[in-house]
Trainee: 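Please read through the structure below; I'll follow up with questions.
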There are 2 protein chains.
Amino acid sequence: MAALHDDVLDRVGQRIVSGELPAGTVLTLDGLDRDYGVSRSVSREAVRVLAALGLLATKRRVGLTVQDRSGWQVFDPRVIRWRLDVGDRTDQLRSLGELRSGFEPVAASLAALRATPEQCGALSSAAEDMVIHGRAGDLAAYLDADVRFHSTLLEASGNEMLAALGGVVTEVLTGRTHHHLMPSAPLEEAIDLHGRVARAVRAGEPDVARVAMEAIITEATAAMTEDMA
Amino acid sequence: MAALHDDVLDRVGQRIVSGELPAGTVLTLDGLDRDYGVSRSVSREAVRVLAALGLLATKRRVGLTVQDRSGWQVFDPRVIRWRLDVGDRTDQLRSLGELRSGFEPVAASLAALRATPEQCGALSSAAEDMVIHGRAGDLAAYLDADVRFHSTLLEASGNEMLAALGGVVTEVLTGRTHHHLMPSAPLEEAIDLHGRVARAVRAGEPDVARVAMEAIITEATAAMTEDMA
DNA sequence: TGCAAGCATTAATCTGATTTTTACAAGACC
DNA sequence: GGTCTTGTAAAAATCAGATTAATGCTTGCA
């Protein structure tokens with residue numbers, strides 16, 4: 001099912017973020033063709049994308065040079081996923097957590113000022129689903145509701161760049177569930193906080209929404225650090 | 001000099017973000033070959049990158065469909081540049097301002113905990129330069145110091161994702177000066193706040209740093225909105 | 001020792017052919 | 001008439017061969 005292009009892209013991307021191919025390593029297109037048994041078009045297009053993501057640089061007569069982490073497009077969902085899958089998961093999640101503690105409270109407060117009735121409804125419904133599936137212990141359905149909640153909230157902020165961070169948050173939530181960095185049963189307190197945010201947004205209370213969202217991130221960070229220790 | 005690949009990439013990218021090719025428009029690879037007079041490899045690789053940026057989606061038997069803005073990788077430097085060049089500059093700057101109000105205070109507070117002595121020095125020196133050039137009314141030198149201040153601070157947060165947002169902040173600062181959305185002489189208060197952040201970071205006082213940085217963003221937003229009215 | 005010419009390597013580009021997927025339509029059936 | 005199957009063609013995806021253009025490195029000369 002997975003197309004050859006995506007296959008090569010994923011595999012090389014993962015080898016780079018995992019550190020198997022450290023910065024400075026030099027590859028060649030011919031080498032990739034042989035390694036993966038694909039035609040030049042496939043490896044060529046994969047390399048172009050990796051170069052766009054800042055993971056590789058191409059140079060004539062030299063080849064493909066693996067780039068230092070400082071040049072990576074760390075906001076690209078693909079890079080985030082690779083790093084969560086095979087890279088420095090802990091560092092990555094800490095970075096993302098700190099970042100979220102910055103922009104999600106702002107998004108919550110903006111959403112309280114700008115959310116449409118439909119978005120308020122979607123938010124409440126997602127929060128309710130979290131209650132139901134959280135209590136039932138259905139982690140997959142809980143995750144789905146969690147993702148819906150945060151994506152809707154960021155969308156409702158009316159700020160397209162905050163909305164664009166929805167992909168990043170989705171990767172974090174999915175990643176930490178997938179890698180078992182979550183309590184086996186979601187905490188009652190976390191679930192409750194989501195409901196509080198939803199109500200504050202509906203009531204148009206930006207400060208209440210912001211504070212509740214700050215608590216969500218703090219709680220999530222604490223839960224995760226404990227779990228990793 | 002500019003390679004064919006980058007040429008096609010830039011041109012198609014700009015046509016999309018400018019709205020000349022609205023979401024839903026369907027193109028074909030053959031069409032691009034003809035339009036730009038390049039071979040399939042070139043258009044193919046450009047399309048692959050555009051697809052990675054979320055601007056296009058490819059589908060067999062259909063062609064290339066221009067995607068809605070909601071899927072764009074709006075944090076990619078290429079996309080930011082295209083939008084500042086041919087897109088909606090003012091909306092873009094407002095979005096970026098709201099985003100900054102989220103992550104810069106967090107970065108300031110983290111920097112107070114983690115900045116190295118060298119970074120503290122660079123921060124203080126940038127703040128001093130802002131005083132000097134601000135009072136002298138040298139806008140270009142002031143901007144340079146301002147950019148140095150914020151980039152250093154984000155770097156000093158010790159969080160690579162916050163550091164990666166340095167480029168974004170630079171765009172905001174440069175953009176608003178370039179488009180005359182700044183007071184002709186920087187406000188004494190704004191300059192003073194930067195010094196306060198630098199001192200708080202050096203002293204290791206995260207809360208003071210955070211509050212001062214919040215004030216910087218609030219002041220900047222107010223100044224810009226007034227100017228636009 | 002320094003410099004310039006030439007060589008060899010590798011990405012960049014062009015081209016033609018084949019394979020695979022799949023939207024759409026024509027026909028078959030109820 | 002409406003739904004289901006089947007066939008066809010359109011377009012991307014992939015493969016493969018050849019040519020072009022930069023450019024790092026070496027060689028030879030002064």
Side-chain angles (χ1 to χ4, degrees), chain A residues 1-16 20-68 71-73 76-78, chain B residues 1-16 21-68 71-73 77-78:
Chain A
M1 175 67 226
L4 287 180
H5 167 80
D6 295 302
D7 204 40
V8 173
L9 181 57
D10 274 336
R11 294 221 260 163
V12 179
Q14 287 179 347
R15 286 177 69 192
I16 293 175
E20 182 193 331
L21 300 173
T25 307
V26 175
L27 307 170
T28 64
L29 281 167
D30 280 347
L32 290 183
D33 296 342
R34 264 182 284 107
D35 289 352
Y36 295 103
V38 294
S39 73
R40 275 182 309 245
S41 348
V42 174
S43 61
R44 200 123 220 314
E45 289 162 24
V47 164
R48 279 281 202 227
V49 174
L50 288 168
L53 294 178
L55 269 61
L56 284 179
T58 67
K59 206 150 176 260
R60 277 178 150 125
R61 165 75 209 226
V62 175
L64 319 168
T65 313
V66 177
Q67 298 295 291
D68 186 79
W72 295 357
Q73 295 298 318
D76 188 284
R78 243 178 300 249
Chain B
M1 175 67 228
L4 287 180
H5 169 79
D6 295 303
D7 203 40
V8 173
L9 181 58
D10 274 336
R11 293 220 260 163
V12 179
Q14 288 181 346
R15 287 176 69 190
I16 293 175
L21 300 173
T25 307
V26 175
L27 307 170
T28 64
L29 282 167
D30 280 346
L32 289 183
D33 296 343
R34 266 182 281 106
D35 289 352
Y36 296 103
V38 294
S39 74
R40 277 182 315 237
S41 350
V42 174
S43 61
R44 201 128 218 315
E45 288 162 25
V47 164
R48 274 262 139 91
V49 173
L50 288 167
L53 294 178
L55 269 60
L56 283 179
T58 67
K59 207 150 176 256
R60 278 174 148 127
R61 165 75 209 230
V62 175
L64 320 167
T65 312
V66 176
Q67 297 296 287
D68 187 78
W72 296 356
Q73 297 296 322
R78 249 178 295 252

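Order of the sequence lines fixes the chain letters, A, B, ..., with proteins taken first and strands second; residue numbering starts at 1 for each chain.
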Trainee: Return the value, rounded to whole Å, for the distance between atom CG of A:Asp33 and atom P of D:dT14.
Mentor: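 Atom CG in A:Asp33 sits about 13 Å away from atom P in D:dT14.
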Trainee: Going by number, which of residues 34-51 of chain A have a non-hydrogen atom under 4.0 Å from DNA chain D?
Mentor: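 Under 4.0 Å from DNA chain D: A:Val38, A:Ser39, A:Arg40, A:Ser41, A:Val42.
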Trainee: Would you mind reporting whether A:Asp30 and A:Arg34 have side-chain heavy atoms less than 4.5 Å apart?
Mentor: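 Yes, side chains in contact.
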Trainee: Which residue, B:Val12, B:Thr25, B:Val26, forms the side chain to side chain contact (heavy atoms under 4.5 Å, CB included) with B:Val66?
Mentor: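 Of the listed residues B:Val12, B:Thr25, B:Val26, the side chain to side chain contact (heavy atoms under 4.5 Å, CB included) partner of B:Val66 is B:Thr25.
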Trainee: Say you draw a straight line from CG of A:Leu9 to CZ of B:Arg48; how long is it, rounded to the nearest 0.5 Å?
Mentor: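 The CG atom of A:Leu9 sits 9.0 Å away from the CZ atom of B:Arg48.
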Trainee: For B:Leu56 and B:Gln67, which heavy atoms make the closest approach, and how far apart are they?
Mentor: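 B:Leu56 and B:Gln67 have their closest heavy atoms at C-CG, 3.7 Å.
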Trainee: Would you indicate whether the side-chain heavy atoms of A:Leu29 and A:Arg40 approach each other to under 4.5 Å?
Mentor: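 No - every pair of side-chain heavy atoms lies 4.5 Å or more apart.
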Trainee: With side chains defined as the heavy atoms from C-beta onward, is the minimum distance between A:Glu45 and A:His5 less than 4.5 Å?
Mentor: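 Answer yes - side chains close enough.
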Trainee: Rounding to an integer number of Å, can you tell me how far B:Asp30 CG sits from C:dC14 P?
Mentor: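 In whole Å, C:dC14 P lies 14 Å from B:Asp30 CG.
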Trainee: Looking at A:Leu32, A:Thr28, A:Leu21, which hits side chain to side chain contact (heavy atoms under 4.5 Å, CB included) with A:Leu64?
Mentor: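 Among the candidates, only A:Leu32 passes.
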Trainee: May I have the step-by-step check of side-chain contact (heavy atoms from CB on, under 4.5 Å) for B:Leu55 and B:Gln73, ending in yes or no?
Mentor: CA-CA 8 Å; B:Leu55 269 60; B:Gln73 297 296 322; over 6 Å; no
Trainee: Please tabulate the protein-to-nucleotide N/O contacts below 3.5 Å involving nucleotides 6-10 of chain C, giving atom names and distances.
Mentor:
residue	atom	partner	partner atom	Å
C:dA8	N3	A:Arg61	NH1	2.9

